[in-house]
K.L.:
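Please find one structure pasted underneath; my questions will follow.
The model shown is predicted, which means the values in this text are computed figures rather than measured ones.
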Amino acid sequence: MTPLPRGSTVRKDAGLYGYERALRRAGLTPIAGVDEAGRGACAGPLVAAAVILPEGGSGIVPELADSKLLTEKARERCYAQIMRRALDWSVVVVGSAECDQLGMHVANVEALRRSLARLSHRPSYVLTDGFPVDGLGVPGLAVWKGDRVAACIAAASVVAKVTRDRIMTAMHDEFPLYDFAVHKGYVTREHQEALMQHGPCPQHRRRFVNVRRVDGREVYAVSEEAKTFESVESVQSVESVQSVEVSR
């Protein structure tokens, strides 16, 4: 990854489209944003998206913001606007088995690379959310909280999030015991209860600690009355059960 071109500055009050404007003033266009959804979930796929928004008013997406800050209905509205307005976009879905095989960091980087490679327009510059991604083939910049300050990253976050949510909602029909349509594979009290009662399904990621614990490697008991979780490690509550990936 590279810093912004010499002479390019982005003011703190530049708004969501400030990075794109600064890069275009430096002669860099088109500009792609990439982001992912599902990295912290213990079930379901990792989804990455790349989006190029056009210049001018046609590239202004109503209600656009970090997908995590939007309601489900607002995300759907933004998604429809992005599909209508984007100069180019792509989505990559990495299944849970491949996430286990690669490890989440490698899977995340690979998904972002693939999403960029699938664009039909080759960008002149790439903005990524939070951390640098090598091997993109074009100059780029990692932007801290990029999905909150760069429009193309925010658009990619919406596309990735909506795509993954739809996948997880459809997955509920195949695995109704886990209620994937509600928590989308992230660790909640209800998800952990179902996981401990029924064990993992093929969509759970075996590299995650809370999945490994109920996959015959460690023993949990569920208290039906208190609805608390006890283990050989004396876990106090589901809030202390984290989806931490472990190395093999």
Side-chain angles (χ1 to χ4, degrees), residues 34-50 67-68 72 75 90-115 118 128-131 133 147 156-222 229-233 235-248:
V34 294
D35 202 5
E36 54 74 29
R39 182 178 182 180
C42 68
L46 174 73
V47 176
S67 63
K68 296 184 291 295
E72 182 177 356
R75 281 196 300 269
S90 70
V91 171
V92 168
V93 178
V94 180
S96 54
E98 187 174 3
C99 289
D100 278 341
Q101 179 183 3
L102 297 176
M104 286 313 303
H105 177 70
V106 174
N108 190 49
V109 170
E110 182 62 23
L112 295 173
R113 288 173 180 163
R114 293 178 192 174
S115 67
R118 289 188 180 183
T128 63
D129 181 28
F131 65 92
V133 180
D147 46 9
S157 78
V158 168
V159 173
K161 173 67 172 169
V162 170
T163 300
R164 187 177 186 278
D165 282 359
R166 291 176 178 178
I167 292 172
M168 298 305 296
T169 299
M171 193 178 293
H172 172 76
D173 294 335
E174 185 176 1
F175 303 102
L177 294 175
Y178 302 95
D179 213 9
F180 287 141
V182 175
H183 53 68
K184 307 302 190 293
Y186 289 91
V187 179
T188 64
R189 179 179 294 275
E190 292 74 19
H191 187 189
Q192 193 65 26
E193 284 182 346
L195 183 59
M196 291 174 5
Q197 182 177 356
H198 305 293
C201 76
Q203 293 295 335
H204 282 98
R205 302 174 186 172
R206 265 61 178 181
R207 277 181 176 255
F208 281 72
V209 169
N210 64 314
V211 177
R212 292 169 68 92
R213 284 173 173 167
V214 297
D215 193 25
R217 293 176 174 85
E218 297 183 38
V219 179
Y220 268 90
V222 183
F229 301 91
E230 300 174 352
S231 77
V232 293
E233 295 181 357
V235 176
Q236 297 299 316
S237 69
V238 72
E239 282 73 20
S240 64
V241 179
Q242 301 178 0
S243 288
V244 180
E245 183 190 358
V246 296
S247 301
R248 289 176 174 170

K.L.:
Would you please name every residue forming a side chain to side chain donor-acceptor pair (under 3.5 Å) with Lys184, sequence neighbours left out?
P.N.:
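Lys184 satisfies side chain to side chain donor-acceptor pair (under 3.5 Å) with no residue once adjacent residues are dropped.
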
K.L.:
With rounding to the nearest 0.5 Å, note down the distance linking CE in Met168 to OH in Tyr186.
P.N.:
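These two atoms lie 9.0 Å from each other.
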
K.L.:
Say you draw a straight line from CG of Leu112 to CG of Asn108; how long is it, rounded to the nearest 0.5 Å?
P.N.:
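CG of Asn108 is found 5.0 Å from CG of Leu112.
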
K.L.:
For Arg113, give me all partners under side chain to side chain donor-acceptor pair (under 3.5 Å), at least two apart in sequence or on another chain.
P.N.:
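Applying side chain to side chain donor-acceptor pair (under 3.5 Å) to Arg113 gives none.
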
K.L.:
Looking only at non-hydrogen atoms, find the nearest pair between Arg164 and Ala41 and report the distance.
P.N.:
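Closest heavy-atom pair between Arg164 and Ala41: NH2-CB, 3.3 Å.
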
K.L.:
Is there side-chain contact between Cys42 and Gln192, with at least one heavy-atom pair below 4.5 Å?
P.N.:
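Contact flag for Cys42/Gln192 side chains = no.
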
K.L.:
With heavy-atom distances below 4.5 Å as the criterion, would you say the side chains of Asp129 and Ser157 are in contact?
P.N.:
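Not touching, per the 4.5 Å side-chain cut-off.
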
K.L.:
Is any side-chain heavy atom of Arg75 closer than 4.5 Å to one of Glu72?
P.N.:
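The answer is yes, as the side chains (C-beta and beyond) meet within the 4.5 Å cut-off.
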
K.L.:
Tell me, please, which residues at least two apart from Asp147 pass salt bridge (charged side-chain N to carboxylate O under 4.0 Å, His left out).
P.N.:
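So Asp147 forms a salt bridge (charged side-chain N to carboxylate O under 4.0 Å, His left out) with Lys68.
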
K.L.:
Taking the side chain as every heavy atom from C-beta outward, state whether Cys201 and Glu174 have any pair of such atoms under 4.5 Å apart.
P.N.:
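Side-chain contact under 4.5 Å: no.
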
K.L.:
First locate atom CZ of Phe208, then atom SG of Cys99, and finally report the distance between them rounded to the nearest 0.5 Å.
P.N.:
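If I round to the nearest 0.5 Å, the distance is 7.5 Å.
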
K.L.:
What's the spacing between Gln101 CD and Arg207 CZ if we round to 0.5 Å?
P.N.:
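Answer rounded to 0.5 Å: 9.0 Å.
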
K.L.:
Indicate the atoms forming the closest heavy-atom contact of Ser96 with Gly44, along with that distance.
P.N.:
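Taking every non-hydrogen atom into account, CB-O, 3.8 Å.
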
K.L.:
Once side-chain contact (heavy atoms from CB on, under 4.5 Å) is applied, do any residues pair with Ala160, and if so which ones, sequence neighbours excluded?
P.N.:
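Once residues adjacent in sequence are excluded, the partners of Ala160 under the side-chain contact (heavy atoms from CB on, under 4.5 Å) criterion are Ala37, Val47, Ala49.
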
K.L.:
Give me the ring orientation class for Phe180 and His204: parallel if the planes are under 30° apart, tilted from 30 to 60°, perpendicular past 60°.
P.N.:
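Phe180 and His204: tilted rings.
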
K.L.:
So, do Val182 and Glu190 sit near enough that their side-chain heavy atoms are less than 4.5 Å apart?
P.N.:
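Sidechains of Glu190 and Val182: no contact.
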
K.L.:
To the nearest 0.5 Å, tell me how far Asn210 CG sits from Met196 CE.
P.N.:
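If I round to the nearest 0.5 Å, the distance is 10.0 Å.
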
K.L.:
Starting at CG of Leu177, measure out to NE2 of His172 and round the result to the nearest 0.5 Å.
P.N.:
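Rounded to the nearest 0.5 Å, the CG-NE2 separation comes to 9.0 Å.
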
K.L.:
Say whether, by atom type as modelled, one donor and one acceptor occur between the side chain of Ser90 and the main chain of Ser115 under 3.5 angstrom.
P.N.:
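Here the side-chain-to-backbone pair exists.
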
K.L.:
Find out whether Arg205 and Pro200 are in side-chain contact, i.e. whether some heavy atom of one side chain is under 4.5 Å from a heavy atom of the other.
P.N.:
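The answer is no; the side chains never approach within 4.5 Å.
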
K.L.:
Donor-acceptor check, side chain of Asp100 to backbone of Arg206, threshold 3.5 angstrom: yes or no?
P.N.:
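Here the side-chain-to-backbone pair exists.
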
K.L.:
Which residues pass the salt bridge (charged side-chain N to carboxylate O under 4.0 Å, His left out) test with Arg114, not counting sequence neighbours?
P.N.:
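Only Glu98, Glu110 meet the salt bridge (charged side-chain N to carboxylate O under 4.0 Å, His left out) criterion with Arg114.
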
K.L.:
Could you tell me which residues satisfy salt bridge (charged side-chain N to carboxylate O under 4.0 Å, His left out) with Arg39, sequence neighbours excluded, listed by chain and number?
P.N.:
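With sequence neighbours excluded, Arg39 shows a salt bridge (charged side-chain N to carboxylate O under 4.0 Å, His left out) to no residue whatsoever.
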
